[in-house]
Amino acid sequence: DQQIADEAARHEQSLEQIQQLRQLEADRQSFEDEKKRMAVFTSQQERRLKLNVGGTKFETSTDTLCKHAPSMLAAMVSGRYNTTPDAEGCLFIDRNPKHFGTILDFLRDGEVFLPGPDTKEHFELLKEAGFYDIDPLITQMSASQPAPEQPS
């Protein structure tokens, strides 16, 4: 009976060790995921920039502006062109700022909630996406347009 009890205790201890190893692995994976998120965050902090779009200030990172290169925004921060910040450290873009936040959201997330097709806002955003040369947003917006009616 003692031998069975000892064997059961060793088995129980092995199960506890397996559970501990699984928990350690889960903790390690969670830590690795956190490190990846923080690496992105740290990179964004190091590469922040300020934009003045038609008098409205925006702050973002060069990583965000370069997400869907080639685009005008990616070219602007590429170093290939002489873009000089103003006295406040902002790069000026002479555009209406109304839809620029949506443009940035698309660059950050790869998707946005689009205004309904055939609305003024839809066409304004499409125009801005064209100005900034953000092809994936143009494609997404064009796909949301209803097909033109065919004459009978």
Side-chain angles (χ1 to χ4, degrees), residues 13-152:
Q13 188 178 20
S14 293
L15 288 176
E16 287 176 16
Q17 288 174 342
I18 289 170
Q19 287 177 325
Q20 288 173 349
L21 286 172
R22 286 181 179 156
Q23 184 59 49
L24 281 173
E25 178 56 26
D27 291 347
R28 186 196 65 75
Q29 185 61 48
S30 177
F31 179 66
E32 290 299 321
D33 292 345
E34 180 181 283
K35 280 179 25 181
K36 288 177 187 174
R37 288 190 304 273
M38 289 307 296
V40 169
F41 176 75
T42 302
S43 173
Q44 290 171 344
Q45 296 306 305
E46 294 169 356
R47 299 167 45 113
R48 278 181 11 194
L49 69 127
K50 297 175 186 174
L51 301 170
N52 175 345
V53 180
T56 301
K57 306 288 173 51
F58 294 88
E59 196 163 343
T60 189
S61 70
T62 55
D63 291 345
T64 295
L65 296 184
C66 293
K67 277 239 180 107
H68 292 286
S71 71
M72 188 276 277
L73 294 169
M76 200 172 92
V77 297
S78 69
R80 294 188 306 263
Y81 302 97
N82 184 17
T83 53
T84 307
D86 63 17
E88 296 176 15
C90 296
L91 293 176
F92 180 73
I93 302 173
D94 190 16
R95 297 297 287 180
N96 185 328
K98 179 178 179 181
H99 297 289
F100 194 73
T102 303
I103 298 282
L104 286 178
D105 286 343
F106 180 81
L107 293 174
R108 290 176 182 124
D109 303 328
E111 61 185 12
V112 288
F113 294 105
L114 296 173
D118 294 328
T119 63
K120 178 182 178 202
E121 287 76 19
H122 183 92
F123 292 108
E124 289 173 347
L125 181 57
L126 187 58
K127 180 179 177 183
E128 293 304 296
F131 174 80
Y132 294 113
D133 197 23
I134 302 171
D135 288 338
L137 179 55
I138 295 167
T139 300
Q140 183 179 337
M141 293 189 73
S142 298
S144 73
Q145 285 288 98
E149 292 184 24
Q150 299 295 324
S152 324

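Here the structure is a predicted model, which is why all the values come from computation and not from measurement.
Of all heavy-atom pairs spanning Asp118 and Phe123, the tightest one is CA-CE1, 3.5 Å. Heavy-atom minimum distance, Ala69 versus Ala74: CB-CB, 3.7 Å. Heavy-atom minimum distance, Gly55 versus Asn52: N-OD1, 2.7 Å. Considering every non-hydrogen atom in both Thr56 and Pro97, the closest pair reads OG1-CG, 3.3 Å.
Two residues are said to be in side-chain contact when any heavy atoms from C-beta on lie closer than 4.5 Å; Ser61 and Leu49 fail this criterion. A heavy-atom distance below 4.5 Å is not found between the side chains of Leu51 and Glu59. A heavy-atom distance below 4.5 Å is not found between the side chains of Thr64 and Thr62. With a 4.5 Å cut-off on side-chain heavy atoms, Lys127 and Arg95 count as touching. The shortest side-chain heavy-atom distance between Phe92 and Val53 does not fall under the 4.5 Å cut-off. For the pair His68/Asp135, no side-chain contact is recorded, criterion being any heavy-atom separation below 4.5 Å from C-beta on. With contacts defined as side-chain heavy-atom distances shorter than 4.5 Å, the pair Gln23/Gln19 does not qualify. Side-chain contact between Lys50 and Leu91: absent, with no pair of heavy atoms (C-beta onward) separated by less than 4.5 Å.
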Would you be so kind as to tabulate the donor-acceptor pairs closer than 3.5 Å made by side chains of residues 99-109, with sequence neighbours excluded?
{"unit_1": "His99", "atom_1": "NE2", "unit_2": "Glu124", "atom_2": "OE1", "d": "2.8"}
{"unit_1": "Asp105", "atom_1": "OD1", "unit_2": "Arg108", "atom_2": "NH1", "d": "3.4"}

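In summary, Lys57 and Glu88 engage in a salt bridge, as defined by a charged side-chain N under 4.0 Å from a carboxylate O. Using a cut-off of 4.0 Å between Lys/Arg side-chain N and Asp/Glu carboxylate O, Glu25 and Arg28 are scored as salt-bridged.
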Give the C-alpha distance, both sets of side-chain angles, the deciding distance and a yes or no for side-chain contact (heavy atoms from CB on, under 4.5 Å) between Tyr81 and Met76. CA-CA 7 Å; Tyr81 302 97; Met76 200 172 92; over 6 Å; no

Given side-chain contact (heavy atoms from CB on, under 4.5 Å), test Leu137 with Leu114 step by step and report yes or no. CA-CA 10 Å; Leu137 179 55; Leu114 296 173; 4.2 Å; yes

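When each of Thr60, Leu65, Asp133 is paired with Leu73, the side chain to side chain contact (heavy atoms under 4.5 Å, CB included) condition holds for Leu65 and for no other.
Atom NZ of Lys98 sits in a crowded spot, with more than 12 heavy atoms from other residues, nucleotides or ligands closer than 6.0 Å. Surrounding CD of Glu121 are more than 12 heavy atoms belonging to other residues, nucleotides or ligands, all under 6.0 Å away.
Between the CD atom in Glu128 and the CG atom in Leu126 there is a gap of 10.0 Å [rounded to 0.5 Å].
In this structure, the side chain of Ser142 engages the main chain of Ile138 through a donor-acceptor pair within 3.5 Å.
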